[in-house]
Peer 1: 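If you scroll down you'll find the structure; I have some questions about it.
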Amino acid sequence: MSHNYHDLIHLFNHTFLRPYNTELVLGGDEPVYLPADEQHPHHRIIFARGYFASALHEIAHWCIAGQERRLIEDYGYWYLPDGRNKDQQAAFEQVEIKPQAVEWLLAASCGFRFQVSCDNLSGDHEPDRVGFTRKVRAQVLRYLSDRMPERVGLLSDVLRQHYGVVPLRAEDFPEPEVAV
């Protein structure tokens, strides 16, 4: 199955540009969310380098950001770049559980492979990828059993229809394998 970011841009913009004044835009090296301003009439989710996964991740942040946060650049979220120590990495992972759970749901809705991002290649310790994946998976299962955020459910339906993916089930989100 082909996953072209142009399709994702079209599907997102067709679904959300009018009701939320928000568009998905291909960007350069760094992703960013920019609210509408004098030069740009639409809020913009800008994803990096044409990567499908980057677009899904940035969309995930938008899907869970509240109305007030969507008026602030990058939603006003804390972000400490690569090179975090153990405590900083733990804080990063805590705030990334829900966005990465949404990203996994959207990826599954496209039939696209998902991997958590610990995003700390030059930190002073090795992140627990399996442990983090378990936390993200637990949030995915809560969303499936309780209820997905409204925009997540809407986009999941649009993506599943486009990619021919059946409704999502818990079995679609396997336990991470422990490296031996």
Side-chain angles (χ1 to χ4, degrees), residues 1-79 81 92 95-119 136-137 139-144 146-169 172-173:
M1 181 180 313
S2 173
H3 293 94
N4 186 311
Y5 71 83
H6 294 287
D7 295 332
L8 193 54
I9 289 172
H10 170 75
L11 294 167
F12 182 91
N13 292 349
H14 185 263
T15 305
F16 295 115
L17 183 57
R18 189 173 309 257
Y20 288 94
N21 193 36
T22 303
E23 63 182 332
L24 181 62
V25 178
L26 170 63
D29 290 340
E30 294 297 325
V32 66
Y33 172 79
L34 299 171
D37 58 26
E38 298 80 32
Q39 290 80 33
H40 298 91
H42 309 298
H43 307 299
R44 291 160 291 148
I45 302 168
I46 302 171
F47 66 100
R49 300 186 186 117
Y51 295 141
F52 196 85
S54 174
L56 290 175
H57 184 77
E58 297 312 310
I59 291 168
H61 277 288
W62 178 83
C63 281
I64 60 173
Q67 186 173 353
E68 289 181 23
R69 287 218 182 249
R70 293 193 313 269
L71 298 176
I72 305 169
E73 183 173 329
D74 262 348
Y75 317 105
Y77 289 150
W78 166 86
Y79 180 75
F92 167 82
V95 299
E96 278 289 310
I97 290 171
K98 285 184 178 181
Q100 291 202 29
V102 168
E103 180 184 351
W104 197 351
L105 287 162
L106 297 177
S109 299
C110 299
F112 186 75
R113 185 170 181 261
F114 170 81
Q115 286 186 356
V116 295
S117 174
C118 295
D119 196 22
V136 171
R137 180 179 181 270
Q139 182 62 55
V140 165
L141 298 179
R142 278 192 290 281
Y143 282 144
L144 286 174
D146 297 343
R147 188 167 164 218
M148 284 187 227
E150 181 180 351
R151 287 171 282 151
V152 177
L154 179 58
L155 187 55
S156 174
D157 289 345
V158 167
L159 295 172
R160 285 186 312 93
Q161 181 179 13
H162 179 80
Y163 288 101
V165 174
V166 299
L168 303 177
R169 304 163 304 155
D172 298 323
F173 303 90

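Computed from heavy atoms alone, side chains included, the values below leave out hydrogens, waters and symmetry copies. No experiment lies behind these values; they were computed from the predicted model shown. Throughout, residue positions are numbered sequentially from 1 according to the sequence presented.
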Peer 1: Enumerate the residue pairs fulfilling salt bridge (Lys or Arg N to Asp or Glu O under 4.0 Å) with a member in residues 14-33, sequence neighbours excluded, ordered by first and then second residue.
Peer 2: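 Passing the test, one end in residues 14-33: Asp29-Arg49.
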Peer 1: For Phe92 versus Ser117, what's the shortest heavy-atom pair and its separation?
Peer 2: CE2-O, 3.8 Å
Peer 1: By side-chain hydrogen bond (donor to acceptor under 3.5 Å, both in side chains), which residues pair with Asn13, not counting sequence neighbours?
Peer 2: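 So Asn13 forms no side-chain hydrogen bond (donor to acceptor under 3.5 Å, both in side chains) with any residue.
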Peer 1: The criterion is side chain to side chain contact (heavy atoms under 4.5 Å, CB included); which residues satisfy it with Ala107, sequence neighbours excluded?
Peer 2: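 Partners of Ala107 under the side chain to side chain contact (heavy atoms under 4.5 Å, CB included) test: Leu56, Phe112, Phe114.
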Peer 1: What pair of heavy atoms forms the shortest contact from Pro31 to Ser54, and how long is it?
Peer 2: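 Nearest heavy atoms, Pro31 then Ser54: CB-OG, 4.4 Å.
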Peer 1: Minimum heavy-atom separation for Gly27 and Ile46, please, with both atom names.
Peer 2: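 In this case the closest contact between Gly27 and Ile46 is CA-CG2, 3.4 Å.
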Peer 1: Check for me whether Arg151 meets the cation-pi criterion with Phe16, that is, NZ or CZ under 6.0 Å from the six-membered ring centre and within 45 degrees of the ring axis.
Peer 2: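 No, Arg151 does not lie over the aromatic ring of Phe16.
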Peer 1: Have a look at Tyr33 and tell me which of Tyr75, Tyr77, Phe47 forms a ring pair (Phe, Tyr, Trp, His ring centres under 6.0 Å) with it.
Peer 2: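 Going through Tyr75, Tyr77, Phe47 one by one, the ring pair (Phe, Tyr, Trp, His ring centres under 6.0 Å) with Tyr33 is satisfied by Tyr75 alone.
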Peer 1: Can you give me the closest heavy-atom contact between Ser109 and Val165, atom names plus distance?
Peer 2: O-CG2, 3.4 Å
Peer 1: Rounded to the nearest 0.5 Å, what's the gap from CG on Leu155 to SG on Cys110? Could you check?
Peer 2: 7.5 Å
Peer 1: Quick one: do the Arg142 and Gln139 side chains pair a donor with an acceptor below 3.5 Å?
Peer 2: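 Note: Arg142 and Gln139 side chains meet the donor-acceptor criterion.
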Peer 1: Output all residues satisfying side-chain hydrogen bond (donor to acceptor under 3.5 Å, both in side chains) with Asp7, sequence neighbours left out; order by chain, then residue number.
Peer 2: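 None.
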Peer 1: What distance separates Arg70 CZ from Ile45 CD1, expressed to the nearest 0.5 Å?
Peer 2: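 These two atoms lie 9.5 Å from each other.
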Peer 1: Could you tell me whether the side chain of Arg147 and the main chain of Gly153 form a donor-acceptor pair under 3.5 Å?
Peer 2: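 No; judged by distance alone, with no hydrogens or angles, the pair does not exist.
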Peer 1: Does the ring centre of Phe12 sit less than 6.0 Å away from the ring centre of Trp62?
Peer 2: yes
Peer 1: At what distance, to the nearest 0.5 angstrom, does CD of Glu96 lie from NZ of Lys98?
Peer 2: 13.0 Å
Peer 1: So, His61 versus His57, ring centres under 6.0 angstrom or not?
Peer 2: yes
Peer 1: Centroid-to-centroid, Tyr163 to His3, below 6.0 Å?
Peer 2: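 Ring centres of His3 and Tyr163 closer than 6.0 Å.
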Peer 1: Please report the C-alpha distance between Leu168 and Phe173 in whole Å, then the side-chain angles of each, then the deciding distance to 0.1 Å, and finally whether the side-chain contact (heavy atoms from CB on, under 4.5 Å) criterion is met.
Peer 2: CA-CA 9 Å; Leu168 303 177; Phe173 303 90; 4.1 Å; yes
Peer 1: Among all residues two or more places apart in sequence or in another chain, which pass the side chain to side chain contact (heavy atoms under 4.5 Å, CB included) test with Leu71?
Peer 2: His43
Peer 1: Grab the two heavy atoms, one from Ala55 and one from Leu8, that are nearest each other, plus how far apart they are.
Peer 2: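 Closest heavy-atom pair between Ala55 and Leu8: CB-CD2, 3.5 Å.
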Peer 1: What is the distance from atom CD of Glu73 to atom CZ of Arg44, rounded to the nearest 0.5 Å?
Peer 2: 9.0 Å
Peer 1: Any salt bridge (Lys or Arg N to Asp or Glu O under 4.0 Å) pairs touching residues 153-166, not counting sequence neighbours?
Peer 2: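 Of all non-adjacent pairs touching residues 153-166, those that pass salt bridge (Lys or Arg N to Asp or Glu O under 4.0 Å) are Asp157-Arg160.
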Peer 1: Does any part of the side chain of Asp172, heavy atoms only, come nearer than 4.5 Å to the side chain of Leu144, both counted from C-beta?
Peer 2: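 Leu144 does not reach Asp172 side chain to side chain.
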Peer 1: Quick one: closest heavy-atom pair of Thr15 and Leu11, and the distance?
Peer 2: OG1-O, 2.7 Å
Peer 1: Can you measure from CG (Leu141) to CG (Leu105) and round to the nearest 0.5 angstrom?
Peer 2: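 With rounding to 0.5 Å, CG (Leu141) is 9.0 Å from CG (Leu105).
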Peer 1: Report the distance from atom CG of Leu159 to atom CG of Leu106, rounding to the nearest 0.5 Å.
Peer 2: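 Here the rounded value is 6.0 Å.
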